[in-house]
Amino acid sequence: MSDTAKAIRRVHALLTDGTTVHIRPSGSGDHTRVRTFYEEMSPQNLRLRFFDAGRGSARAAADRMCRGTAPAGYRGLVAEVAGRLVGVAEYERSGEDDLAEIALAVGDAWHRRGVGTLLLEHLVSAARADGIAAFTADALAENHEMLKVFADLGLRTARRFDGPEVHCTVRLDQDETYLTAVEERGRAADVASLRPLLRPRSVAVIGAGRTPGSVGRAILRNLLGAGFTGRLYAVHPEASAILGVHAHPSVTALPQPPDLAVVAVPAAEVGAVAEQCGKAGVHGLLVVTAGLDAAQAAALLATCRTHGMRLVGPNCLGLADTEDTVRLDATFAAAHPSPGACGVAVQSGGVGIALLGGLARLGIGVSSFVSLGDKYDVSGNDLLQWWESDGRTELALLHLESFGNPRAFSRTARRVTRRMPILTVDAGRTEAGRRAAASHTAAAATRTMTRQALFTQAGVIATRTVPELLDTAALLHSQPLPPGARVAVVTNAGGAGVLAADACAEAGLGVPPFDITLADALLAVLPEGATAANPVDATAAVTESELRACLDRLTASDAVDAVLVALVPTAVSAATGDDLVRSLTRAPGRHRPRTVAAVLLDQPEPVRLLPADAGHIPSYADPQAAARALAHAVTRARRLARPDGTVPELDGIDSGRAHDLVAQWLADHDGGGRLDPRTCSALLDCYGIPQLPWAWADTENDAVIAAERLQEPGGLTVMKAYWPGLLHKTQQRAVHLDLRGSSQVRAAWRDFDTRFAGLLTGVVVQPLARRGVELLAGVVQDAVFGPLVLFGLGGTATDVLADRAARLAPLTDHDVHELITAPRCAPLLFGEGATGPVDLAALEQLLLRLSRMAGDLPQLAEADLNPVLAWPDGVAAVDVQVRLAPAHAQDPYLRRLR
């Protein structure tokens, strides 16, 4: 069994109805249970499994599955629910190395609940890690359920009929079709498991105290005040009633097990209460209690997994769902969220209160609110899938300080952002912020560049502050998306227009001058003295009707994507009785087809929504806030306008050789380390990553011979010293440039041999490369996020200038294009400056191949290609550093709970 297969041993996952199932390898101690599992099957199912109904097959199957030491090429899995065996699956290599025969059985009472499919997914993941390319299986032609499981798996399946039997071959290639099928099954199961939390038919508050200041009492009051439509219970060891709700001494004393139990007891009591809930049959647990230590936390999660309860918290504000059929407010917030279409999920209760308050001030209602707290189980990914399916949510707001499975989150978010905007606060951007996040969430926070790459690739709008998030939510909630970044600025005060134009430019928006036709059309409706160059200065004399006519012409123009109106109160408008804001909000009989936002410099609120004839107009006190919100809207519009990217197929890849090379090197270097130049070059060759020609030399004579062989006529030579641990050759003066002829090569060798005596193990000899654009390409393995591909300006100044961008692997065609165009040095690649445009296709190929290498090899801790020289006719890595470290691959798309 491979290291990868060993790494995916015991997990919990969800069946189609939301039931939690435990999947683990079979062992010798399971013999009796497996035999009994088969013996309890109906004769019909036994016949379908073993091709006869005899009970003798049960013992043979148990003997094979529960051997003390499984042979190489065999893997058996069992599925348990509440300790009961409900399904088994196994594979064993056949005579051909890359084929394995599989067998699968599901208990009679557990058919059509996804047990078999889930077991197969886990077998597929383990088999891929073991180098198996396809499964084979024989089934009776009448075994329609099993054949349907194979057909619906999402993998390419071939069938061959042979009398009453069907021989199936299932290819294990992990393509987009399979990942989409796994995602859809996971989404359905996830949503079903969350229903007891967000749409419960009954709720029990455990720890609903009699004192007015208790958290449990506040939650009970909010449940009553919101008008919860289901059955409501209070649990208290002594009270007979709390706030008019009949109280029971324990969960076990309740007349029926509630769907949702709210736990608000001291930390030391949480474990016992959770165990009581699980045994009583509770489906969902909301733990608001804070201060659990590591042992208490582990016990709480283990109890939830054992009894199949989904868990929100601990250390959280609570949850709410405003659906009229449930009207659930199980929070201790000061006010009830109003019904609406905005889903909110936060880790910090304080941020949750701020968001709920801000949304209430804007008049934006909430579909559901979940305070995730320490996020032991239910996560932002779960909530995205719920909102995608609830039929109500149109805008998602997230505050996440940590990620459990970023790549699964990214796939979910990419899909969901096609249907609704997802906004987040990028928390933990600084070292101090990361320390605070780790302390608050009991999880490691993530580096800024990695988080930004995740958000960018997933289409999530990342804001820097809660106010910026609310600013953006106000615009996306109320206005159509702008088709482009061209903003028309209109003002009745020149200074306000300048501020607005500056804010737009700083946010990356354009404020282009208007052509003569549009300018004349605007001047025709504006008062004398107005200017229409963009910004449009309508002057203090503009009337309400004149400003409305100006806005109508601008919003109808194809030269404008959005209109930003900056207004200040003037004595002129006060004297005439004109309300210039009405020109924005009242457009009788028409719906303006462009994005419109206002800046009212005298308004006390940072942002508000102005009621209009057609919806609302967002109004900001600060031009920069308005411009940032518009810029986020432009980014979303661009994202929606392009198709999803795909990971291109690459030729010339030898993954098998790369795996062997890495495995052999790590076997010889316990704990890992940096590769020597020859191994490094061989690894890059496996992925077709172009390198500048080079040769290794152990002696002075070898160096001379190598230089003569590599030099073009009249060319120069470069010699680089090498010894294990050497990182910064330039700082160590371990590079000689511009060597001409054998005498200079010999002199360079002797210099290294003298200065680095006892260290030097050899030299790298290269021809002096022709001038090109010096770039950096690299990979860093993140323990949580996986491999991150970096690109930017290279050379000796790379660390000083830090002009680089990053994307998470695997790179799609869109990702690699964005990666190349994101750094400030990007114009150099397109021909600005002394050099012509470089070979962009070759550069994209290099980054895609680097991404593939990083994805194939979890042991690739770091790769640093610096510089990479780019020319009009190609690219090549000049200097390469690679560090390997022992690591187990994790299948990020395998369905499992945290």
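Remember, it's a predicted structure, so these values are computed and weren't measured experimentally.
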Asp856 versus Tyr687, side-chain donor and acceptor atoms under 3.5 Å:
yes
Decide yes or no for Val789 and Leu811: does some side-chain heavy atom of the first lie under 4.5 Å from some side-chain heavy atom of the second?
yes
Is Glu818 salt-bridged to Arg642, cutoff N-O under 4.0 Å?
yes
With heavy-atom distances below 4.5 Å as the criterion, would you say the side chains of Arg407 and Leu808 are in contact?
no
Thr450 OG1 to Asp782 CG distance, which is reported to the nearest 0.5 Å:
5.0 Å
Any side-chain heavy atom of Asn405 within less than 4.5 Å of one from Pro892?
yes
Separation of Leu423 CG from Thr417 OG1 (nearest 0.5 Å)
11.5 Å
Counting distance only, does the side-chain N/O of Gln691 pair as donor-acceptor with the main-chain N or O of Ser681 below 3.5 Å?
yes
Rounded distance [0.5 Å steps], CD in Gln859 versus NE2 in His659:
7.5 Å
Shortest non-hydrogen contact from Cys825 to Leu793?
SG-N, 3.8 Å
Just so I know, are the side chains of Val779 and Leu790 near enough to count as touching, which here means a heavy-atom distance under 4.5 Å?
no
Stepwise side chain to side chain contact (heavy atoms under 4.5 Å, CB included) check, Asp622 with Val599
CA-CA 6 Å; Asp622 180 7; Val599 174; over 6 Å; no
Assess whether a salt bridge exists between Asp879 and Lys720, defined as any Lys/Arg side-chain N lying under 4.0 Å from an Asp/Glu carboxylate O.
yes
CG (Asp471) and CG (Leu476) are apart, to the nearest 0.5 Å, by 11.0 Å
I'd like to check Arg418 versus Leu640 (side-chain heavy atoms, cut-off strictly below 4.5 Å). Are they in contact?
yes
Closer than 3.5 angstrom, by distance alone: can the side chain of Asn534 be matched with the main-chain N or O of Val487 as a donor-acceptor pair?
yes
Take the angle between the ring planes of Phe756 and Trp723 and call it parallel below 30°, perpendicular above 60°, tilted in between.
tilted
Going by atom types only, do Asp537 and Thr531 share a side-chain donor-acceptor pair under 3.5 Å?
no
In the structure I gave you, are the side-chain heavy atoms of Thr472 and Leu469 within less than 4.5 Å of one another anywhere?
no
Please lay out, stage by stage, how Val745 and His736 fare under the test side chain to side chain contact (heavy atoms under 4.5 Å, CB included).
CA-CA 9 Å; Val745 171; His736 278 299; over 6 Å; no
Run the salt bridge (charged side-chain N to carboxylate O under 4.0 Å, His left out) check on Arg852 and Asp654 step by step: do they pass?
CA-CA 11 Å; Arg852 173 66 182 274; Asp654 193 345; over 6 Å; no
Taking Thr412 for the side chain and Ala408 for the main chain, is one N or O donor matched with an acceptor at less than 3.5 Å?
yes
Backbone N/O of Arg740 and side chain of Gln744: donor-acceptor pair under 3.5 Å:
yes
Check ion pair Arg486-Asp561 (N to O, under 4.0 angstrom):
yes
Are any of the side-chain nitrogens in Asp651 or Arg849 under 4.0 Å away from the carboxylate oxygens of its partner?
yes
Is there a donor-acceptor pair closer than 3.5 Å between any side-chain N or O of Thr821 and the backbone N or O of His817?
yes
Does the side chain of Thr595 pick up a donor-acceptor pair with the side chain of Gln479 at under 3.5 Å?
no
Side chains of residues 504-516: which donor-acceptor partners sit under 3.5 Å, not counting sequence neighbours?
residue : atom : partner : partner atom : Å
Glu506  : OE1  : Gln624  : NE2          : 3.3
Asp515  : OD1  : Thr517  : N            : 3.2
Asp515  : OD1  : Leu518  : N            : 2.8

Does Trp871 reach the main-chain N or O of Arg770 with its side chain, forming a donor-acceptor pair under 3.5 Å?
yes
Any donor-acceptor pair under 3.5 Å from Asp813 side chain to Val647 backbone
no
Tightest non-hydrogen contact, residues Met719 and Val763, listed as CG-CB, 3.9 Å
If I take atom CG from residue Leu716 and atom CD from residue Gln711, how far apart are they, to the nearest 0.5 angstrom?
7.0 Å
Which heavy atom of Ala887 sits nearest a heavy atom of Pro858, and at what distance?
CB-O, 3.5 Å
State whether the number of non-hydrogen atoms from other residues, nucleotides or ligands found under 6.0 Å of Arg733 atom CZ is greater than 12.
no
Give a yes or no on whether a salt bridge exists between Arg883 and Asp864, defined as a side-chain N under 4.0 angstrom from a carboxylate O.
no
Under 3.5 Å donor-acceptor, Gln766 side chain and Val878 backbone:
yes
Pro406 and Val784 have their tightest heavy-atom pair at CD-O, 3.3 Å
Side-chain (Glu468) to main-chain (Arg464) donor-acceptor, under 3.5 angstrom
yes
Does a side-chain heavy-atom distance below 4.5 Å link Val765 with Val718?
no
Minimum side-chain heavy-atom gap Leu775-Leu829 below 4.5 Å:
yes
Report yes or no: is the cationic atom of Arg804 (NZ for Lys, CZ for Arg) closer than 6.0 Å to the six-membered ring centre of Phe791, at no more than 45° off its axis?
no
Assess whether side chain to side chain contact (heavy atoms under 4.5 Å, CB included) is satisfied between Arg594 and Asp558, documenting all intermediate values.
CA-CA 10 Å; Arg594 290 289 185 264; Asp558 290 336; 3.7 Å; yes
Name of the residue among Leu692, Leu850, Leu846, Val880 meeting side chain to side chain contact (heavy atoms under 4.5 Å, CB included) with Val868
Leu846
Correct closest heavy-atom pair for Trp696 and Pro677 would be CZ3-CG, 3.8 Å
Main-chain N/O of Gln457 paired with Arg639 side-chain donor or acceptor, under 3.5 Å:
yes
Output the distance between atom CG (Leu828) and atom CD (Glu774), rounded to the nearest 0.5 Å.
11.5 Å
Verdict with reasoning, Glu862 to Val882, per side chain to side chain contact (heavy atoms under 4.5 Å, CB included)
CA-CA 6 Å; Glu862 297 174 32; Val882 171; over 6 Å; no
Under-4.0 Å salt bridge between Arg746 and Asp751
no
State plainly whether the residues Asp426 and Arg451 are in salt-bridge range, i.e. N to O under 4.0 Å.
yes
Please give me the minimum heavy-atom distance between Ala697 and Trp749, naming the atom from each residue.
O-CZ3, 3.9 Å
